[in-house]
Number of protein chains: 2
Amino acid sequence: MTNLDDTVKASKAPAIARAAAVLRLLGKRGSPMGVQSIARELGLVPSTCLYVLRALVAEELVAFDGDTKRYALDAGVLTLARAWLRRDQFNDLAQPALDRLAREFGITTLGVQVFGLDHIIVTAMSQSGQNFQLSTQVGSRFPALVSATGRCIAAFGNYPEGDLRPRFEHLRWDEAPSWENWCAQVEEARETGVAVDAGNYIAGVTVIAAPVWKGTGSPSHALVAIGIGAALRSELPRLKEVLRGAARSLSEQLEG
Amino acid sequence: MTNLDDTVKASKAPAIARAAAVLRLLGKRGSPMGVQSIARELGLVPSTCLYVLRALVAEELVAFDGDTKRYALDAGVLTLARAWLRRDQFNDLAQPALDRLAREFGITTLGVQVFGLDHIIVTAMSQSGQNFQLSTQVGSRFPALVSATGRCIAAFGNYPEGDLRPRFEHLRWDEAPSWENWCAQVEEARETGVAVDAGNYIAGVTVIAAPVWKGTGSPSHALVAIGIGAALRSELPRLKEVLRGAARSLSEQLEG
DNA sequence: GAATGTTATTCTATATATTGAATGACAAAC
DNA sequence: GTTTGTCATTCAATATATAGAATAACATTC
């Protein structure tokens with residue numbers, strides 16, 4: 001995130017943008033960092049950075065080790081996350097459906113929230129008890145246009161091709177589809193209401209996604225099903241149908 | 001948190017204190033709130049509050065609904081929490097021990113982080129597969145001095161009685177112990193290295209806690225075991241012994 | 001053990017974030 | 001249909017958070 005400067009300048013509360021950048025950096029690094037290295041990394045003035053850190057420490061969002069003078073994320077961030085999880089309407093409604101699908105088909109299911117063309121965040125997950133299982137974690141971020149979810153977002157987001165193409169070019173796939181193929185698959189998703197990624201994103205792994213709307217416009221969320229290739233091949237048509245149904249019913253519940 | 005003013009004034013980055021207060025308020029309320037009500041609740045100037053909110057929205061920590069003009073927590077907080085969970089040393093080391101204890105004794109176990117005399121936060125949890133089970137959630141906050149953890153903190157924190165007593169008086173228990181009884185139990189915890197709450201905090205529920213140190217001074221964390229009264233009565237001595245052992249071994253690992 | 005490159009931290013002048021009043025937009029009450 | 005209250009939002013003056021140099025405390029290197 002090198003455009004911190006822009007964000008800071010644009011805002012009337014720049015300290016908050018800096019604080020968020022610090023939190024994200026500490027989260028990404030994982031290991032504790034000193035004032036100077038944080039400041040250097042984010043292009044901040046060390047003294048300013050110090051004040052930001054002190055404020056975050058006071059809020060228990062950042063932990064300070066007096067011996068090593070290093071800073072790291074603290075448990076306060078958990079409390080916020082828990083509060084969010086507890087009250088998010090999509091999550092509450094999606095979880096039972098995700099559990100049901102995971103169990104019935106022996107797969108991993110996800111609920112994700114869409115942030116425009118930038119990225120998606122996994123907000124709910126369910127796994128069947130089976131032995132081998134693809135897994136991710138709640139809170140993970142992925143590029144918006146990748147895999148099955150990406151085709152969904154492209155299909156139902158009404159974005160001009162000029163916005164899509166450059167982002168598409170920067171994606172990382174195991175087996176990247178050509179732009180033409182991808183567009184065809186997006187078109188198919190638009191018609192059927194479900195998107196499929198058959199081993200493109202991760203070789204040998206099939207990902208299915210159906211869009212969920214909260215209000216009108218672009219889809220705000222999506223339901224995702226992940227299965228190891230051969231395991232669900234025969235069930236694929238039925239899974240697509242069921243996933244689409246679950247997504248539609250969720251959208252209806254979110255309207256009210 | 002009515003001392004927001006103090007925190008704001010003391011800091012050189014007051015916007016961060018305000019932002020944190022807003023996030024916590026939104027977390028506590030759960031339901032979306034308007035600028036005005038947030039400002040009123042926190043004693044902020046509405047215009048300032050608006051700028052804070054806009055900055056938080058830009059960071060995806062707060063979601064803004066343009067139709068209703070309401071603000072609520074957003075999924076960004078999850079990403080931070082995940083990063084923290086992944087890298088917290090105490091959590092990584094404690095989880096296997098918690099799982100083992102939960103399974104062996106058929107109980108619920110917790111790892112908590114201590115924030116002085118203010119509060120503790122649950123950062124790890126393990127539950128046995130049994131039918132009836134007390135449960136809480138990762139991220140929950142409790143007053144520092146309550147239940148078994150409270151006796152641990154009082155026993156090993158080296159706090160003067162003058163700091164403890166007023167806080168003790170404000171606690172809520174199902175069956176509050178008298179100050180004298182509580183002090184005796186704290187003393188016992190100091191001698192044995194394990195604290196027990198036998199139905200005081202929640203009637204019929206036994207809670208056991210052992211302190212964990214990260215460096216010297218007051219305990220930074222604690223391991224907690226929770227069981228429905230009668231179920232673990234016969235096992236209690238052994239559980240105390242095992243919990244203390246796990247806590248000690250954790251403390252040693254955290255030293256390095 | 002002196003010298004050099006780090007580091008965290010303090011200090012002060014100045015650019016700017018914050019304030020509180022003013023505006024506009026909306027809904028409820030009359 | 002007007003009035004009244006509440007809402008989000010803008011604006012300009014000023015209190016203040018920030019930047020950058022200076023300091024102090026380390027390691028590391030020579």
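Values reported hereafter were calculated over all heavy atoms of this structure, with side chains retained and with hydrogens, waters and symmetry mates removed. We name chains A, B, ... by the order of the sequence lines, and we start the count at 1 in each one.
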Which atom pairs, donor and acceptor, lie under 3.5 Å between side-chain atoms of residues 29-39 of chain B and protein residues at least two apart or in another chain?
| unit_1 | atom_1 | unit_2 | atom_2 | d |
| --- | --- | --- | --- | --- |
| Arg29(B) | NH2 | Glu41(B) | OE1 | 3.3 |
| Arg29(B) | NH2 | Glu41(B) | OE2 | 2.3 |
| Ser37(B) | OG | Gly34(B) | N | 3.4 |
| Ser37(B) | OG | Gly34(B) | O | 3.1 |

For salt bridge (Lys or Arg N to Asp or Glu O under 4.0 Å), just list the numbers for Asp118(A) and Arg167(A), CA-CA rounded to whole Å, side-chain angles, deciding distance to a tenth of an Å, and then say yes or no. CA-CA 9 Å; Asp118(A) 290 327; Arg167(A) 287 167 197 269; 3.2 Å; yes

Look for any protein N or O under 3.5 Å of an N or O in nucleotides 24-29 of chain C and output each such pair with its distance, or none.
none

Protein-nucleotides 11-13 of chain D N/O pairs closer than 3.5 Å?
| unit_1 | atom_1 | unit_2 | atom_2 | d |
| --- | --- | --- | --- | --- |
| dC11(D) | N4 | Tyr51(B) | OH | 3.4 |

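Between the CZ atom of Phe64(A) and the P atom of dA8(C) there is a distance of 9 Å, given to the nearest Å. The distance from atom CE of Met33(B) to atom P of dA8(D) is 10 Å, rounded to the nearest whole Å.
Between the Arg190(B) side chain and the Ala155(B) main chain, a donor and an acceptor come within less than 3.5 Å of each other. Between the side chain of Trp84(B) and the backbone N or O of Leu73(A) there is at least one donor-acceptor pair closer than 3.5 Å.
Distance check, rounded to the nearest 0.5 Å: CG of Leu98(A) to CG of Leu250(A) gives 8.0 Å. How far CG of Leu42(B) is from CG of Leu25(B): 5.0 Å, rounded to the nearest 0.5 Å.
Val35(B) comes within contact range of the sugar-phosphate backbone alone, with a heavy-atom separation under 4.0 Å but no base atom that close.
One finds a salt bridge joining Arg165(B) and Glu169(B) here, because a Lys/Arg side-chain nitrogen approaches an Asp/Glu carboxylate oxygen to under 4.0 Å.
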